[in-house]
Amino acid sequence: MKKKYWLMKSEPSSYSIDDLETDKKTLWDGVRNYQARNFMMKDMHIGDEVLFYHSNTKPTAVVGLVKVSDNAKPDPVAMDKTSKYFDPKSTNENPIWHCVEIKFVKKFTTPVTLQEIKQQESLEGMMLIKKGMRLSIQPVTKSEFDQICTLGKKR
DNA sequence: GCCAACGTTGGC
DNA sequence: GCCAACGTTGGC
């Protein structure tokens, strides 16, 4: 299985890279978008590397690296009536939503801001900066991944 | 807090 | 199957 590269968004007010550093690993539950789900179910595998992105904050930025530590499994909170992610259409027999588990790898010494990414000519193809792009899980190329990592190590 | 862009829902 | 209405995302 060839390693793939991804970008995952999170609002730091709900779950930040620091939370993940504390937890070491977490189930990426609560995703309720079919495109994002399909990536997790079909394309993400143990060992894939992920850019962790903080959205809805100042500044928005890729703040670190994480790794897929377990393949997709049914999303438990979809079956939890008390959860805000509860979905009556999803059952134990026929779960609709799935999620992978991710583990903390490292925080960037310098977060790579959205603004900075937009300024890189070599990154102008990134999905993240496409107008109206709001997918919370996006594939990135190895080249994009490597460039962001380099920027994150600077200074 | 605003609002553009998007995805989903539901009436027909 | 269309599409208007609605809710959500996420940058600014």
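Quick note on labels: first sequence line is chain A, next is B, and so on, each numbered from 1. The shown structure was predicted, so the numbers you read here are calculated from the model rather than taken from an experiment.
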Point to revise | A:N56 CG to C:dC12 P, straight-line distance once rounded to whole Å | key: 11 Å
Study note, to complete from the structure: Of A:K89 and A:G132, the one whose nearest nucleotide on DNA chain B sits closer to the 5' end is A:G132
Practice item. For residues A:Y34 and A:W97, establish whether the separation of their ring centroids is below 6.0 Å. Key: yes
Review point. Any salt bridge between A:D75 and A:R32, counting N to O under 4.0 Å?
Key: yes
Exercise for review: Take the protein atom CH2 of A:W97 and the nucleotide atom P of B:dG7, then report the distance between them rounded to whole Å.
Suggested key: 13 Å
Review point. Hey, does A:K130 reach any base, or is it just sugar-phosphate, or nothing, if we go heavy atoms under 4.0 Å?
Key: nothing
Check your understanding: Base, sugar-phosphate, or nothing: which does A:K58 touch, judged by heavy atoms less than 4.0 Å apart?
Key -> nothing
Practice item. Could you tell me whether A:K84 contacts a base, only the sugar-phosphate backbone, or nothing, with contacts defined as non-hydrogen atoms closer than 4.0 Å? Key: nothing
Practice item. Rounded to the nearest angstrom, tell me the gap between atom CD in A:Q115 and atom C1' in C:dG10. Key: 16 Å
Practice item. Examine C:dC12: is either OP1 or OP2 under 4.0 Å from a nitrogen or oxygen in the side chain of A:K118? Give yes or no. Key: yes
Point to revise | Protein-nucleotide distance (A:Q35, atom CD; B:dA5, atom C1'), rounded to Å | key: 14 Å
Practice item. Evaluate the side-chain proximity of A:M127 to A:M133: yes if any heavy-atom separation is below 4.5 Å, no if none is. Key: yes
Practice item. Take A:F145 and A:L51 through the test side chain to side chain contact (heavy atoms under 4.5 Å, CB included) and record every step on the way to the result. Key: CA-CA 7 Å; A:F145 182 88; A:L51 301 168; 3.8 Å; yes
Check your understanding: If you measure only the distance, is there a donor-acceptor pair under 3.5 Å linking the side chains of A:E101 and A:S69?
Key -> yes
**Study point:** Selection from C:dG7, B:dT9, C:dC12 that lies nearest to any side-chain heavy atom of A:R134
**Key:** C:dG7
**Study point:** Protein-nucleotide distance (A:D87, atom CG; B:dT8, atom C1'), rounded to Å
**Key:** 12 Å
Point to revise | A:D87 backbone acceptor or donor facing A:S90 side chain under 3.5 Å | key: no
Point to revise | Atom-pair distance (CG on A:L128; P on C:dG11), nearest Å | key: 7 Å
Study note, to complete from the structure: Between OH of A:Y34 and P of C:dT9 the distance, given in whole Å, is 15 Å
**Study point:** Length of the line joining A:M127:CE and B:dC6:C1', which is rounded to integer Å
**Key:** 15 Å
Review point. With respect to the phosphate group of C:dT9, does any side-chain polar atom (N or O) of A:K9 fall under 4.0 Å of OP1 or OP2?
Key: no
**Study point:** N-O pairing of A:K103 and A:D23 below 4.0 Å
**Key:** no
Check your understanding: Among residues 48-55 of chain A, which contact DNA chain C at a heavy-atom distance under 4.0 Å?
Key -> A:Y53, A:S55
